[in-house]
Amino acid sequence: MTYLIHGARGSGSGIIEAACAELHVDYAVRDLDVRAGKNHDAAYRRLHPLGKLPALEFPDGEIVTDTVAILLTLEERHPQRALLPPCGSKARTRALRWLLFCATELYPLVEMIDFPERFSDAEACQAMLRKRASAMWNERWLHVESAVAGSPYLMSEGFCVTDVYIAVLSNWDMDPDWRQKNLPRVKALSDAVRNRPALVPVFERHKPGADVPGEA
């Protein structure tokens, strides 16, 4: 059984690739040229009506979109690899809380920072939006920093897929010097995730600047 990941280098599809790599399942990647707008072509819009990345295609043709939905589906189908703590545990509650925080409070800001023209036609408004979104981005990362309870991972119980999400996002739209000064635990978490044996090639493929993360 081989999963097909529709994504792009440098985008949020790297989170799904990392999850599949940790699960040790077979997967293939179909990269879309987001700079050329291929994610908005009719063919891909049939998979994801909004043209967003990633989308995961199962061998039977079933399509799952949206990163958290994909991660939860993979975790349910491959429980033996423990992408998340056990159901009903306090650790799982914390893992899901911060997974959704990243998805709903952090990820949307990336689009505002990278593509403010999608939200306003006025250049002055675009500049103000980017500035405010950038400030909110930094402020919200401080909440993640305070939540990191493990050494080096988010939870003292050890690695989970929420760590992958944090590691990917923490390298987007982030001043390295600011991260080093203000997010030492997030940086240590990110470094640990990036150096997990199964994930080294995934993060190398998606290293910063590879493509346009805000499209995801």
Side-chain angles (χ1 to χ4, degrees), residues 5-19 21-22 29 31-35 37 39 48 50-55 65-68 70-71 98-119 126-127 129-148 152-154 160-196 199-216:
I5 302 169
H6 300 265
R9 289 166 59 99
S11 79
S13 61
I15 299 169
I16 306 305
E17 289 180 46
E22 277 288 335
V29 179
D31 281 332
L32 298 170
D33 186 349
V34 295
R35 294 185 186 279
N39 53 313
H48 196 309
L50 298 181
K52 291 182 176 288
L53 306 175
T65 64
D66 299 277
T67 301
V68 173
I70 296 171
L71 293 175
W98 290 104
L99 180 64
L100 270 295
F101 183 91
C102 289
T104 61
E105 300 295 340
L106 286 173
Y107 209 138
L109 293 173
V110 177
E111 185 174 13
M112 297 180 191
I113 295 168
D114 290 349
F115 303 101
E117 67 276 7
R118 295 178 179 174
F119 301 91
Q126 293 171 19
L129 176 61
R130 177 181 282 117
K131 181 178 180 180
R132 182 59 187 139
S134 295
M136 293 173 65
W137 172 256
N138 287 352
E139 290 166 4
R140 290 179 183 180
W141 272 108
L142 296 176
H143 292 291
V144 179
E145 173 72 10
S146 66
V148 177
Y153 298 120
L154 174 67
C160 72
V161 77
T162 306
D163 295 304
V164 174
Y165 211 127
I166 292 171
V168 171
L169 262 63
S170 68
N171 283 287
W172 291 356
D173 294 301
M174 186 84 73
D175 180 341
D177 292 335
W178 188 90
R179 180 173 57 232
Q180 181 73 38
K181 178 180 179 180
N182 295 282
L183 306 177
R185 284 180 283 183
V186 167
K187 186 179 184 305
L189 181 157
S190 178
D191 290 344
V193 170
R194 294 167 68 87
N195 287 311
R196 289 177 69 83
L199 303 188
V200 169
V202 176
F203 277 89
E204 178 63 23
R205 203 178 91 80
H206 287 271
K207 60 186 176 183
D211 217 313
V212 187
E215 284 289 348

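Not one N or O on the side chain of Asp66 forms a donor-acceptor pair closer than 3.5 Å with the backbone of Val68. With hydrogens and angles ignored, the 3.5 Å screen pairs no side-chain donor or acceptor of Asp191 with any backbone N or O of Ala188. A donor-acceptor pair is defined here as one N or O able to donate and one able to accept, closer than 3.5 Å; such a pair exists between the side chain of Asn39 and the backbone of Gly51. At least one donor-acceptor pair under 3.5 Å links the side chain of Arg140 to the backbone N or O of Glu105. Under a 3.5 Å cut-off, the side chain of Trp137 and the backbone N or O of Asp173 do form a donor-acceptor pair.
When all heavy atoms of Asn171 and Ser190 are compared, the pair lying nearest together is ND2-OG, 3.4 Å. Scanning all heavy atoms of the two residues, the minimum distance from Ala167 to Leu189 falls at N-CD2, 4.3 Å.
Remark: Glu22 engages Arg196 in a side-chain hydrogen bond (donor to acceptor under 3.5 Å, both in side chains) (not counting sequence neighbours). With sequence neighbours excluded, no residue satisfies side-chain hydrogen bond (donor to acceptor under 3.5 Å, both in side chains) with Glu117. Taking the salt bridge (Lys or Arg N to Asp or Glu O under 4.0 Å) definition, one finds that Arg130 meets it with nothing, sequence neighbours left out. With sequence neighbours left out, the side-chain hydrogen bond (donor to acceptor under 3.5 Å, both in side chains) criterion links Asn195 to no other residue. Annotation: side-chain hydrogen bond (donor to acceptor under 3.5 Å, both in side chains) contacts of Ser170 (sequence neighbours excluded): none.
Rounding to the nearest 0.5 Å gives a distance of 11.0 Å between CZ of Arg132 and CD1 of Ile113. Atom OH of Tyr165 and atom CZ of Phe101 lie 12.0 Å apart (nearest 0.5 Å).
Within the structure, side chain to side chain donor-acceptor pair (under 3.5 Å) contacts touching residues 175-185 (residues at least two apart or in different chains) are Glu145-Arg185.
When each of Ile5, Ile16, Ile15, Thr65 is tested with Ile70 by the rule side chain to side chain contact (heavy atoms under 4.5 Å, CB included), just one qualifies, namely Ile16.
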